[in-house]
Every structure is written in structure tokens, then in C-alpha cells.
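Report on the following structure.
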Amino acid sequence: ILLYWDYEETKVFRMQEEKHEYFRHYNSIFMYLVSGGLTTLANLVCFYLFDYFVKAELNVVIFGKEFDMLLLINQVIAWFVAVVVAYVTNRAFVFVSNNSIIKEFLSFAAARIATLVTIELGLFSVMVMLCESVLKTPEDAVIFSIGGFTVTALFVVKIVNSVILVVANYVLSKIFVFKKTDKETNK
């Protein structure tokens, strides 16, 4: 029996596998950015519409500073819409999951509740307070307008907060929610 091993052929095969893995990794990141963009857009549109149509205030004092609780109610409504959009797009296009929908959605919702409390509500509130007390910029201060669309300081805070949120949610989704099983990893 003659054993034949072609080093060049093995090297080419390994390179093709590495290229495929490289493409799959960056395709996943690209699709997450697209999904995150759609999710952020849904969140921002809901937030903007609520802010535009609801003109009431529900002021409370937090750490000696007056704060409008309707901002947090707005955040929760926009968050809920964004979570639904995010789950559907992440499951279908980013992580391409075949796991149990109920178990996976519960993990997804738990991760999103963690970022809701820490980033969407906590960090957002701190950023609004800093904007008003440190930068002396009221939340309704107009930063710029484009074609009748007015961007206020509050909206700029919301956008910065959303960028931080997208990164945190990707990490949580990748590690805890859409993790591959051993059977899927060995394919």
C-alpha cells in the first residue's frame, strides 16, 4: 500500500477553510450592523414620535435634580418595539438559529432587560442629567434642523446611547443567547 500525501493540496484546503471562516465571521458582523441599524431606526422613530406627540411632563426629583419620568416611559415603549425587531432580524439573518424559539426569546429578552435597565434607562438618565447640569444644555435645545426635522440635545443623547447599546447587545447575544451547541459547532 502506497500512502500519498500532497502538502500543497492540504495547504490549499486549509486556506479555503480559513477563508470561509473569515467570511462567515465578518458576514455575521455586517448582518448584525444591518440588523442593529434597523433596530436602532425602529427605536429612534418610536422615541421621536412619542416625544413629538406627547407634550405632557411628569417631573420627579432624582439626586436633587428635576427629571421628566415621561422620558423613561418613552424609552421603555421604544425599547419594546426595538426588542421585537431585533429578535426577529437577529434570529433570521445574523445568528441563523435553529434553537427553541421560546427558550431563545426568553434569553434574548433577559439580556435586553439587563441593557434596558443599565444602558437605556440608567446611562440615558445620567447622560441627560449631565447634558443639562454640566454642559448647561437643556434637553429641548435645538442642535440643528434638516428639512423640518429638528434634532435636539435629547435626540443627540439618544443616538450616543444607542451606539453604546448596539455594542453591548451584540456581545450579550453572541455569548449568551445565540450560542452554538456542540453539535452545531462541529458541522
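Index from 1, following the sequence. Quantities reported herein were computed from a predicted structural model and do not represent experimental measurements.
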Can you check whether [X] reaches [Y] side chain to side chain, under 4.5 Å on heavy atoms?
{"X": "V142", "Y": "S145", "answer": "yes"}
{"X": "F105", "Y": "V177", "answer": "no"}
{"X": "N161", "Y": "Q75", "answer": "yes"}
{"X": "W79", "Y": "F47", "answer": "no"}
{"X": "I119", "Y": "F124", "answer": "no"}
{"X": "F144", "Y": "I146", "answer": "yes"}
{"X": "L71", "Y": "L154", "answer": "yes"}

Transitively linked via ILVMFWY side-chain contacts under 4.5 Å: [X] with [Y]?
{"X": "I102", "Y": "F95", "answer": "no"}
{"X": "Y170", "Y": "V85", "answer": "no"}
{"X": "L172", "Y": "I175", "answer": "yes"}

Kindly say whether L121 contributes a backbone atom to a donor-acceptor pair with the side chain of S125 at under 3.5 angstrom?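 Judged by distance alone, yes, a pair lies under 3.5 Å.
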Quick one: does any side-chain atom of D68 pair with a main-chain N or O of E57 as donor and acceptor, under 3.5 Å?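 No, because the side chain of D68 does not come within donor-acceptor range (under 3.5 Å) of the backbone of E57.
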Inset, instruction - Using the six-membered ring of F176, assess whether NZ or CZ of K174 lies under 6.0 Å from its centre and within 45 degrees of the ring axis. - result: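 Because its charged atom misses either the 6.0 Å distance or the 45° angle limit, K174 does not stack over F176.
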Starting at CD1 of I73, measure out to CZ of F50 and round the result to the nearest 0.5 Å.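 Taking CD1 in I73 and CZ in F50, the distance rounds to 6.0 Å.
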Pairs in or reaching into residues 102-129: which pass salt bridge (Lys or Arg N to Asp or Glu O under 4.0 Å), with residues at least two apart or in two chains?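 Applying salt bridge (Lys or Arg N to Asp or Glu O under 4.0 Å) to every pair that reaches into residues 102-129, excluding sequence neighbours, yields R91-E104, E120-K158.
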- Message: Ring-plane angle category for F178 and Y87, please: parallel below 30°, perpendicular beyond 60°, tilted otherwise.
- Response: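 Answer is parallel, since the angle falls under 30°.
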Practice item. Say whether D140 and T152, considering side chains only, have a donor N or O and an acceptor N or O under 3.5 Å apart. Key: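 Result is no, nothing qualifies.
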